[in-house]
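Worksheet for the structure shown next.
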Amino acid sequence: MIQLQKVHGSQNKFFLLDQTQFQTPLSKGELVNLTQQITKPESGLLNGADGLLVVRNSDHAQTLGKMEVVNADGSFASMCGNGLRTVGRYLAQKYHKETFKVETIQSDLRVSCQPDWAQKVKAVSVEISPVSFAATALPFTNLGYYELINQEVPELAPKLKFSAVAVPNPHLISFVSDDIFKSDLLAKLGAKLNQKNPFFPDGVNVSFAQVLSAHHLFVRTFERGVGFTNACGTAMSAASLIYALTCQSMNLFDKLLTVSNPGGFVQTKVHRRGHGYWIELIGNATITHYIDVAESELHQKHPDFNNFKVTPTMEDEVYQEFITTHGNN
Ligand SMILES: N[C@@H](CCC[C@H](N)C(=O)O)C(=O)O
């Protein structure tokens with residue numbers, strides 16, 4: 001039998017699958033198919049999710065495992081901040097360690113277990129890096145810039161200022177007014193830049209941010225490969241970095257910021273490293289269900305969800321209560 005988990009970070013929901021449990025690990029095609037089957041909002045497993053987090057062994061120094069991220073549409077992402085916290089919790093429990101690294105597509109990232117935010121609200125801190133502003137890293141083209149930091153880009157939307165940053169997955173961020181935040185512009189821009197378009201050939205995660213107070217942001221994200229999500233950890237990290245860079249006089253580096261989102265909130269700290277930056281992302285890592293299923297079922301083109309034994313944990317109920325008490329904005 002194989003045990004899957006259903007997990008979330010700020011209600012950015014995933015299934016987590018440890019490939020080391022398998023006698024015959026799922027092939028790339030099988031992982032894509034499984035992700036597309038189980039993440040569908042209506043007909044998927046447990047009302048679907050935003051993607052699948054795949055755990056594998058790693059032979060890199062100080063790492064406890066490797067994380068791969070499959071978006072709901074079957075595309076692969078180079079990073080996932082909310083997902084890495086839940087993979088961090090999974091590996092911490094598996095190997096009884098509190099501080100370690102996890103291999104991701106571009107780099108080995110630090111993970112450290114934090115004191116619980118409340119009883120049964122586990123918290124984990126993860127490193128978000130490497131950071132690049134280069135047009136070639138996202139990539140973006142035809143916008144007349146090699147880097148985009150707080151620039152007006154009429155090709156994308158009139159009057160708004162945009163920043164583009166890879167952390168290392170690609171993000172386009174704009175700090176916007178209340179009117180724009182409440183409008184349908186994010187839905188339109190997110191959809192436009194995640195289909196064939198002349199500017200972001202690989203698509204891009206698009207976020208609108210607002211400053212609620214000096215150390216408090218709100219970020220809403222239209223995710224590449226997913227659509228609207230309750231929260232995107234790398235987007236909140238990227239928005240924190242852009243905020244620190246564009247408000248240098250506030251000296252926000254190394255300071256704790258709170259970033260609220262429709263699914264809760266996280267904390268971030270933006271750090272300098274040499275000539276570059278990295279971001280610390282701290283937030284909940286919640287297991288909502290354990291799911292036991294025969295290995296053979298997961299190799300099926302159309303797995304039968306009646307054969308999946310689902311055990312809820314009650315952690316989500318506690319998380320919801322925590323968010324109701326502490327608010328998300
Ligand atoms: N929700 C994630 C990001 C997932 C990847 C993204 N959809 C992409 O394709 O880059 C996060 O918490 O960072």
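Indexing begins at 1, ligand by ligand and atom by atom, following the structure's order. Values in this document were obtained by computation on a predicted structure and should not be read as measured data.
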| field | Protein residue, atom and distance nearest to atom 2 (C) of ligand 1, heavy-atom basis | value | Cys80 SG, 3.2 Å
| request: Determine, step by step, whether His8 and Asp316 satisfy the side chain to side chain contact (heavy atoms under 4.5 Å, CB included) criterion, reporting the C-alpha distance in whole Å, the side-chain angles of both residues, the deciding distance to 0.1 Å, and the verdict. | output: CA-CA 9 Å; His8 76 70; Asp316 195 44; 2.7 Å; yes
| query | Taking the inter-plane angle between the rings of Phe140 and Phe200 on a 0 to 90° scale, is it parallel (under 30°), tilted (30 to 60°) or perpendicular (over 60°)? | reply | tilted
| task | Would you check the N or O atoms of Ala231, main chain and side chain alike, for any that come under 3.5 Å of an N or O of ligand 1? | result | no
| query | Roughly how far, to the nearest 0.5 Å, is OG1 of Thr288 from OH of Tyr319? | reply | 12.0 Å
| query | With a 4.0 Å heavy-atom cut-off (strictly under), which part of Asn12 contacts ligand 1: side chain, backbone, both or neither? | reply | side chain
| Check: Gly233 N/O within less than 3.5 Å of ligand 1 N/O | yes
| ligand 1 contact by His171, heavy-atom criterion under 4.0 angstrom | no
| note | among protein heavy atoms, the one nearest atom 4 (C) of ligand 1 is Glu223 OE1, 3.6 Å
| field | Atoms of ligand 1 close to Met79 [distance to a heavy atom under 4.0 angstrom, numbered from 1] | value | 3 (C), 4 (C), 5 (C)
| query | Looking at Phe181 versus Phe208, is the centre-to-centre ring distance below 6.0 Å? | reply | no
| remark: Among Ala235, Gly225, Gly81, the residue with a heavy atom nearest to atom 11 (C) of ligand 1 is Gly81
| task | For Ala77, take its heavy atoms, then give the atoms of ligand 1 lying under 4.0 Å from any of them. | result | 5 (C), 8 (C), 9 (O), 10 (O)
| request: Walk me through it: do Asn261 and Arg220 pass the test side chain to side chain contact (heavy atoms under 4.5 Å, CB included)? | output: CA-CA 6 Å; Asn261 55 67; Arg220 182 149 171 70; over 6 Å; no
| request: Return the option from Asn230, Asn205, Leu84 holding the heavy atom at the smallest distance from atom 8 (C) of ligand 1. | output: Asn205
| Heavy atom of Thr229, distance to ligand 1 below 4.0 Å | no
| request: Please could you name the atoms of ligand 1 that Asn82 approaches to less than 4.0 Å, counting only its heavy atoms? | output: 11 (C), 12 (O)
| request: Could you establish whether Asn71 and ligand 1 come within less than 4.0 Å of each other, counting only heavy atoms on the residue side? | output: yes
| request: Can you sort out which atoms of ligand 1 are near Thr234, meaning under 4.0 Å from one of its heavy atoms? | output: 3 (C), 11 (C), 12 (O), 13 (O)
| said: Whether Glu127 and Arg273 form a salt bridge (side-chain N of Lys/Arg under 4.0 Å from carboxylate O of Asp/Glu) is what I want to check. | reply: yes
| message | Rounded to the nearest 0.5 Å, what separates atom CG in Leu138 from atom OG in Ser132? | response | 7.0 Å
| Validation row, ring centre His216 to ring centre Phe265 under 6.0 Å | no
| said: I need the single residue from Arg85, Glu280, Arg110 that forms a side-chain contact (heavy atoms from CB on, under 4.5 Å) with Ser125. Which is it? | reply: Glu280
